[in-house]
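A quick note: this is a predicted structure, and the numbers were derived from the prediction, not measured. Below, read A as the first sequence line, B as the second, and so on, with proteins coming before strands; counting in each chain starts at 1.
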Amino acid sequence: MTQPTANSIPSETNFNHSKTSLNSFAPRLLDWFAENGRHDLPWQQHQTDTPNPYVVWLSEVMLQQTQVTTVLPYFARFMDTFPTVQDLAAADWDVVAEHWAGLGYYARARNLHKGAKQLAEIIDETGDFPQTLADWEAISGVGPSTAGAIMAMGLHHYGVICDGNVKRVLTRWAAIDGDITKSATTKELWALAERLTPTENSGLFAQAMMDMGATLCMRSKPACRLCPLQEDCLAHAEGRETDYPVKAKNSPNRVSLAMHC
DNA sequence: GTCCGGCAGC
DNA sequence: GCTGCCGGAC
């Protein structure tokens, strides 16, 4: 053991974990995903060298609001009727709406349709899908998280995701107790997600993070016993997994409650 | 009944 | 920086 010196003080003071923990996060997660993750979802592109960005874009927009099991049949019908982004772009709005019916958030279906037209035009001009984060964020209905997902999983470029699943995993692992609806906490979580995302295989990492959040690190009754991050999960160490993520509660005022009587 | 979510619009 | 969106899970 070397003596602690000024130089051995953790250099990454912005994070709650040691460099060793931070650096081993991705390998542990990826090992778990290889052994126990889901590899059969129809939009997954990690087992091909020629990923299809359309598939990832479409599925990610649906998954913004809806769980995997609900999305599956909708995604299948969309791919059946609109096999390419050009098919979706050329479709009448009524047909798109029919296929979306039941998913809710119809404004998103409008953005999806508009986004398809934008993408078809870009492909017409450049011969390919957008290739940068900024160009994807310029597509209607695509924000920072969806753009990162498409970069990583749909193009096999470098990309970072920080959606609800990731935020739950990270707030627990690092015991981040800031209100996740606040922008300061959002920034903190994005910084941690970036720090943990490996430069190679960021798509596989994104896939694994989402799978972890959905199948192990669930909102209630997380399966910590099976978790590859359990050993240094700060929330688990205190038995406070379900205290995270912290979110300020809407305090409905008594007047509006009384109105319902 | 109450909470959840990623984005756009405000 | 904050809120509405819309159906599902709980």
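- Dashed line: the shortest gap from a side-chain N or O of A/Thr70 to OP1 or OP2 of C/dG8 is not under 4.0 Å.
- Along DNA chain C, the nucleotide nearest to A/Ser220 and the one nearest to A/Ala107 differ in position, and the one closer to the 5' end is contacted by A/Ala107.
- Contact annotation for A/Thr146: backbone-only contact, meaning every heavy-atom pair under 4.0 Å involves sugar-phosphate atoms and none involves a base.
- Residue A/Lys247 has its side chain nearest to B/dG5 when only B/dG5, C/dG8, C/dG7 are considered.
- We find that CD of A/Gln65 is positioned 21 Å from P of C/dT3, with the value rounded to whole Å.
- Following rounding to the nearest Å, A/Lys114 (NZ) and B/dA8 (P) show an atom-to-atom distance of 9 Å.
- Closest approach to the A/Pro144 side chain among C/dG1, C/dA9, B/dC7 is made by B/dC7 (side chain taken as heavy atoms from C-beta onward).
- Checked by atom type and distance alone, the side chain of A/Asp31 never pairs as donor or acceptor with a backbone atom of A/Arg28 at under 3.5 Å.
- A straight line from CE of A/Met62 to C1' of C/dC5 spans 17 Å, rounded to a whole angstrom.
- Two rings, from A/Phe25 and A/His17, have their centers 6.0 Å or more apart.
- Contacts of A/Ser140 with the nucleic acid, taken as non-hydrogen atoms under 4.0 Å apart, involve only primed sugar atoms and P, OP1 or OP2.
- For A/Tyr105 against C/dG7, no side-chain N or O and base N or O form a donor-acceptor pair under 3.5 Å.
- The residue A/Val142 sits close only to the backbone: its heavy atoms come under 4.0 Å of sugar-phosphate atoms, none of a base.
- The side chain of A/Arg219 lies closest to B/dC4 when the candidates are B/dC4, C/dA9, B/dC7.
- When the C1' atom of C/dC6 is taken as reference, atom CD of A/Gln64 falls 14 Å away, rounded to whole Å.
- Atom CD of A/Glu121 sits in a sparse spot, with 12 or fewer heavy atoms from other residues, nucleotides or ligands closer than 6.0 Å.
- In this structure, NZ of A/Lys182 is placed 9 Å from P of C/dT3, rounded to the nearest angstrom.
- Rounded to whole angstrom, the span from the CD1 atom of A/Ile180 across to the P atom of C/dC2 amounts to 14 Å.
- Mapping A/Gly104 and A/Gln67 onto DNA chain C by nearest heavy atom places A/Gly104 at the nucleotide closer to the 5' end.
- Atom CD in A/Glu137 sits roughly 13 Å away from atom C1' in B/dA8 (whole-Å rounding).
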Would you sort out whether A/Arg219 and A/Asn165 count as a side chain to side chain donor-acceptor pair (under 3.5 Å), showing the intermediate values? CA-CA 9 Å; A/Arg219 208 159 68 75; A/Asn165 276 334; over 6 Å; no
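- For residues 32-60 of chain A, every residue pair satisfying the salt bridge (charged side-chain N to carboxylate O under 4.0 Å, His left out) rule, not counting sequence neighbours, is listed here: A/Arg38-A/Asp40.
- As rounded to whole Å, 15 Å separates atom C1' of B/dG5 from atom CG of A/Asn111.
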